[in-house]
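Being a predicted model, the structure only gives us computed values, none of them experimental. So you know, we letter chains A, B, ... as the sequences are listed, proteins then strands, and number each from 1.
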Amino acid sequence: MKIGYPCINRTVQCLGNKTFRLKSYSEEKLKETIQNNLNCLDKILEFNLSHGLMFFRMASDMVPFASHPVCEFSWQTEFQEKFRRIGAVIKAHGFRISMHPDQFVLINAKDINIFQRSVKELIYHAQLLDLMELDQTAKIQIHVGGVYNDKPNSIKRFIKRYHTLDDSIKKRLALENDHRSYSLADCMIIHRETGVPIIFDTLHHQVLNNGELMGDALKTAAQTWGEKDGLPMVDYSSQKPDAKKGNHALSIDLDDFSHFLSLKGELDFDIMLEIKDKEASALKAAQLI
DNA sequence: ATCGGTCAAGGGGCA
DNA sequence: TGCCCCTTGACCGAT
């Protein structure tokens with residue numbers, strides 16, 4: 001079981017992913033930004049290694065505008081060697097890696113243009129992981145997408161589109177249950193038709209479910225992971241007290257986390273902590289396992 | 001110096 | 001149909 005946190009480290013004195021707006025785009029600035037992001041990733045991995053945090057979600061804006069028409073620069077060639085070196089570090093130490101494209105990646109979009117843009121964005125994510133020469137245990141996680149007032153057909157459209165995706169995407173894709181539209185049971189329908197592994201999100205499940213007990217749900221999702229996919233991934237977060245349902249807590253609630261761990265039984269999986277204070281909570285959680 | 005609107009990209013809920 | 005919300009954090013620019 002590996003513990004991780006997403007994208008940002010508040011301890012390491014290195015700011016990756018600095019604001020980069022389309023208006024200020026230039027190839028020069030793009031190169032500087034990528035170089036800076038890679039340096040920060042290096043430092044964060046170093047921090048994680050020395051603190052035993054072996055699961056990390058890489059930020060999607062490692063290469064800003066990578067799938068946007070404005071980007072005609074071959075970042076793949078320019079930074080190939082650097083990506084390969086970071087990948088070697090990841091493999092040497094056994095880090096688990098995931099990525100999570102933003103909500104506008106919609107495989108089941110009604111608008112074919114949105115689907116096509118989504119594919120480009122997924123290709124970018126896959127290229128990044130391929131350049132690092134990581135195997136298919138490094139996952140790209142997304143949500144099912146929109147409902148469009150017709151969930152059965154939106155699910156069908158997801159499945160149909162999924163089958164058209166390039167293999168480099170399919171082997172890395174994982175689906176996460178969300179808290180508004182697609183529950184674990186909905187994701188399972190898609191899993192049965194595609195084999196796509198399901199990342200179980202604990203808080204989303206608490207907000208949107210079909211009456212399954214947490215422990216059973218965890219097991220159901222874990223069974224969707226094949227041999228090549230590696231250990232199941234789980235997104236854990238706790239509810240922010242007194243806030244709207246689904247809001248992430250500022251810091252980990254260790255009692256709640258212990259309770260969650262007690263539900264897992266014999267299961268093993270890697271846990272991504274989606275909590276505001278990032279590595280601080282991950283460090284506390286890592287002490288418990 | 002500070003603060004808040006804004007940023008490539010979408011969808012859902014509600015009035 | 002139009003507006004605001006989700007969710008993120010940094011930064012741009014107005015004051």
Side-chain angles (χ1 to χ4, degrees), chain A residues 5-27 29-30 32-34 36-37 40-41 44 56-73 75 98-125 140-151 153-155 157-158 161 175-183 186-187 201 203-204 206-208 235-240 243-251 272-281:
Chain A
Y5 61 96
C7 307
I8 292 168
N9 182 301
R10 298 182 189 282
T11 310
V12 174
Q13 292 300 310
C14 192
L15 271 178
N17 328 305
K18 281 197 276 217
T19 302
F20 190 171
R21 293 187 177 166
L22 189 53
K23 267 201 281 189
S24 61
Y25 181 89
S26 72
E27 200 170 295
K29 183 164 176 178
L30 180 67
E32 281 171 22
T33 305
I34 298 171
N36 179 248
N37 288 342
C40 288
L41 178 58
I44 290 176
F56 188 64
R57 182 184 295 166
M58 294 198 305
S60 287
D61 45 8
M62 176 71 56
V63 182
F65 306 110
S67 72
H68 190 281
V70 76
C71 177
E72 294 177 331
F73 170 64
W75 54 272
S98 69
M99 297 190 81
H100 194 343
D102 267 318
Q103 81 269 14
F104 38 80
V105 166
L106 295 161
I107 298 293
N108 76 351
K110 278 193 127 166
D111 179 343
I112 192 77
N113 297 305
I114 295 173
F115 168 63
Q116 284 165 353
R117 284 198 291 273
S118 299
V119 171
K120 284 192 181 143
E121 182 71 359
L122 290 173
I123 288 174
Y124 150 63
H125 281 77
I140 300 169
Q141 71 183 92
I142 58 170
H143 295 288
V144 179
V147 173
Y148 310 97
N149 294 315
D150 184 352
K151 193 186 273 189
N153 269 313
S154 294
I155 287 177
R157 196 164 51 249
F158 183 100
R161 296 251 178 88
L175 267 188
E176 176 193 350
N177 59 303
D178 68 77
H179 66 289
R180 200 166 55 186
S181 307
Y182 292 96
S183 66
D186 296 324
C187 292
D201 185 298
L203 184 55
H204 291 166
Q206 283 167 7
V207 177
L208 179 70
D235 284 353
Y236 169 86
S237 58
S238 32
Q239 171 68 36
K240 182 177 178 183
K244 193 182 266 189
K245 259 180 138 183
N247 281 16
H248 290 171
L250 299 179
S251 185
M272 176 59 58
L273 298 172
E274 295 189 318
I275 297 173
K276 296 258 186 200
D277 66 357
K278 309 287 176 182
E279 80 281 3
S281 282

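Residues meeting the salt bridge (charged side-chain N to carboxylate O under 4.0 Å, His left out) test with A:Asp201, sequence neighbours left out: none. Residues passing the ring pair (Phe, Tyr, Trp, His ring centres under 6.0 Å) test with A:Phe158: none are found, sequence neighbours excluded. The ring pair (Phe, Tyr, Trp, His ring centres under 6.0 Å) check on A:His100 picks up A:His143, with sequence neighbours excluded. Scored by the ring pair (Phe, Tyr, Trp, His ring centres under 6.0 Å) test, A:Tyr182 finds no partners at all (sequence neighbours excluded). Residues satisfying the ring pair (Phe, Tyr, Trp, His ring centres under 6.0 Å) test with A:Tyr236, not counting sequence neighbours, are A:Phe257, A:Phe260. Residues satisfying the salt bridge (charged side-chain N to carboxylate O under 4.0 Å, His left out) test with A:Arg161, not counting sequence neighbours, are none. Partners of A:Glu121 under the salt bridge (charged side-chain N to carboxylate O under 4.0 Å, His left out) rule, at least two apart in sequence or in another chain, do not exist in this structure. Every residue was checked against the side-chain hydrogen bond (donor to acceptor under 3.5 Å, both in side chains) condition with A:Ser181, not counting sequence neighbours, and none meets it. A:Lys29 pairs by the salt bridge (charged side-chain N to carboxylate O under 4.0 Å, His left out) definition with nothing, not counting sequence neighbours.
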Distances under 3.5 Å only, N/O to N/O: pair up the protein atoms with those of nucleotides 11-15 of chain B.
from: B:dG11; atom 1: OP1; to: A:Tyr148; atom 2: OH; distance (Å): 2.5
from: B:dG12; atom 1: OP1; to: A:Val147; atom 2: N; distance (Å): 2.3
from: B:dG12; atom 1: OP1; to: A:Tyr148; atom 2: N; distance (Å): 3.3

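To the nearest angstrom, P of C:dG9 lies 6 Å from NZ of A:Lys278. At whole-Å resolution of the value, CG in A:Asp61 and P in B:dA9 are 15 Å apart. Atom CD of A:Glu274 is separated from atom P of C:dG9 by 12 Å (rounded to the nearest Å). Atoms CZ (A:Arg57) and C1' (C:dT7) sit 13 Å apart, rounded to a whole Å. With rounding to whole Å, A:Tyr182 atom OH is found 17 Å from B:dG10 atom P. Rounding to whole angstrom units, OH of residue A:Tyr5 and P of C:dT8 are separated by 17 Å.
Taking side-chain N and O atoms only, A:Lys276 has a distance below 4.0 Å to OP1 or OP2 of C:dT8.
Rounded to whole Å, the C1' atom of B:dA8 lies 22 Å from the corresponding atom of C:dG2. Rounded to the nearest Å, the gap between the C1' atom of C:dT7 and that of B:dT2 is 24 Å.
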State the dot-bracket string of DNA chain C. Criteria: Watson-Crick or G-U wobble, both atom distances under 3.5 angstrom; notation: ( ) intrastrand, [ ] crossing earlier pairs, | interstrand, . unpaired. ||||||..|||||||
Treating primed atoms plus P, OP1 and OP2 as sugar-phosphate and everything else as base, which nucleotides of nucleotides 2-8 of chain B get B, S or - for protein heavy atoms under 4.0 Å? ----BBB
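Side-chain atoms of A:Ser251 and A:Asp277 include a donor-acceptor pair closer than 3.5 Å.
Counting heavy-atom neighbours within 6.0 Å of A:Asn149 CG, excluding the residue itself, gives a total of 12 or less.
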